[in-house]
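Heads up: the structure comes next, in structure tokens.
Both ligands and their constituent atoms are indexed starting at 1 by order of listing.
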Amino acid sequence: MVQKPAPELSVEDIERFGPDPLGAFKVNLARVEERIAKACERAGRDRAAVRLLPVTKTVPAHVLRFAFAAGIRSFGENKIQEAQGKREALDDLAIDWSIIGHLQTNKVKYLTRFAREFHALDSLRLADLLNKRLEREGRFLDVYVQVNTSSEESKYGLSPEALLPFVDSLDQFPRLKPRGLMTLALLSTDMEKVRPCFALLRRLRDEAVKRNAALTELSMGMSGDFEEAIEEGADVVRVGQAIFGKRPTPDGHYWPGLIST
Ligand SMILES: *Cc1c(COP(=O)(O)O)cnc(C)c1O
């Protein structure tokens, strides 16, 4: 398919992303890259061991054409409907879509049509519905099991106690390709509160991988804490605002609970 010409920017776009989103995204991406490289160095890890998943939620589809032009090929979206709309608007571009937020069971069919991976698997019912749909579509899906590492602060994700029994059931869903565990740490600038969430996910992964050898990766770390996450072993960092600028929507819209300063 032929790529569409560079999009026009509205006044709101320019207010939010500046007059040159392509230039801004490139600069931000380079800064994030540098911070990832430094964190890997501090942790004695290979840069190639850490994957950056840019999170594009709330960035309008036409503006995401600049993200693609800046070299970004994987787009992480929290909400399936937003992702689906963007996917339709950008279907001339070869993009890998990752759904990283909670999925309601009645929206499974939208996800299985196009997503490459899903980072918020947290129930057997959802696993079963995904598996059945994928079977029909003749597709597979990479999945990360979401764990609630901040105790009762968040309402999504399995409790640490529920994780191992859940892992033992994953074999029943051949269309799901387990990749690892995912968490949202406590949303705080106090790293003394954030780091224990990452360390807990790592310990849980060490247990989980003994039961299912495919569960090797840790999806953890966002704009405010990805360096700490890498130091604690993150294999995938999900970074939005550090690349695309501050979001106008309050984060409570995406993560009920969690906010603590
Ligand atoms: C939005 C979001 C992120 C990225 O957060 P930023 O602060 O923009 O880096 C990561 N993970 C999930 C699940 C998200 O919804």
Exercise. Which of these, Met182, Gln241, Glu77, Lys79, has its nearest heavy atom closest to atom 7 (O) of ligand 1?
Worked result: Gln241
Problem set entry | Any N/O pair Gly240/ligand 1 closer than 3.5 Å | yes
Problem set entry | Test item: side-chain donor near acceptor, Ser223 and Arg247, under 3.5 Å | no
Exercise. Is Ile100 touching ligand 1 with its side chain, its backbone, both, or neither, if touching means heavy atoms under 4.0 Å apart?
Worked result: both
Exercise. Does the distance from a Lys or Arg side-chain N to an Asp or Glu carboxylate O, for Arg116 and Asp96, drop under 4.0 Å?
Worked result: yes
Exercise. Can Gln104 and His102 be said to form a side-chain hydrogen bond (donor to acceptor under 3.5 Å, both in side chains), step by step?
Worked result: CA-CA 7 Å; Gln104 287 169 264; His102 180 72; over 6 Å; no
Exercise. Is the shortest distance from a Lys or Arg side-chain nitrogen in Lys57 or Glu77 to a carboxylate oxygen in the other one below 4.0 Å?
Worked result: no
Problem set entry | Atom indices of ligand 1, in the order listed, that fall short of 4.0 Å to a heavy atom of Met222 | 3 (C), 5 (O), 9 (O), 10 (C), 11 (N)
For this session: Number the atoms of ligand 1 from 1 as they appear, then name those within less than 4.0 Å of a heavy atom of Lys57, with their elements.
Result: 1 (C), 2 (C), 3 (C), 14 (C), 15 (O)
Exercise. Which of the atoms in ligand 1, numbered in the order shown and given with their element, are less than 4.0 Å from a heavy-atom of Val239?
Worked result: 9 (O)
Exercise. NZ of Lys38: more than 12 outside heavy atoms within 6.0 angstrom?
Worked result: no
Exercise. Which ligand 1 atoms does Arg247 reach within 4.0 Å, using its non-hydrogen atoms?
Worked result: 1 (C), 5 (O), 6 (P), 7 (O), 8 (O)
For this session: Count the heavy atoms belonging to other residues, nucleotides or ligands that lie under 6.0 Å from CZ of Arg113, then report whether that count exceeds 12.
Result: yes
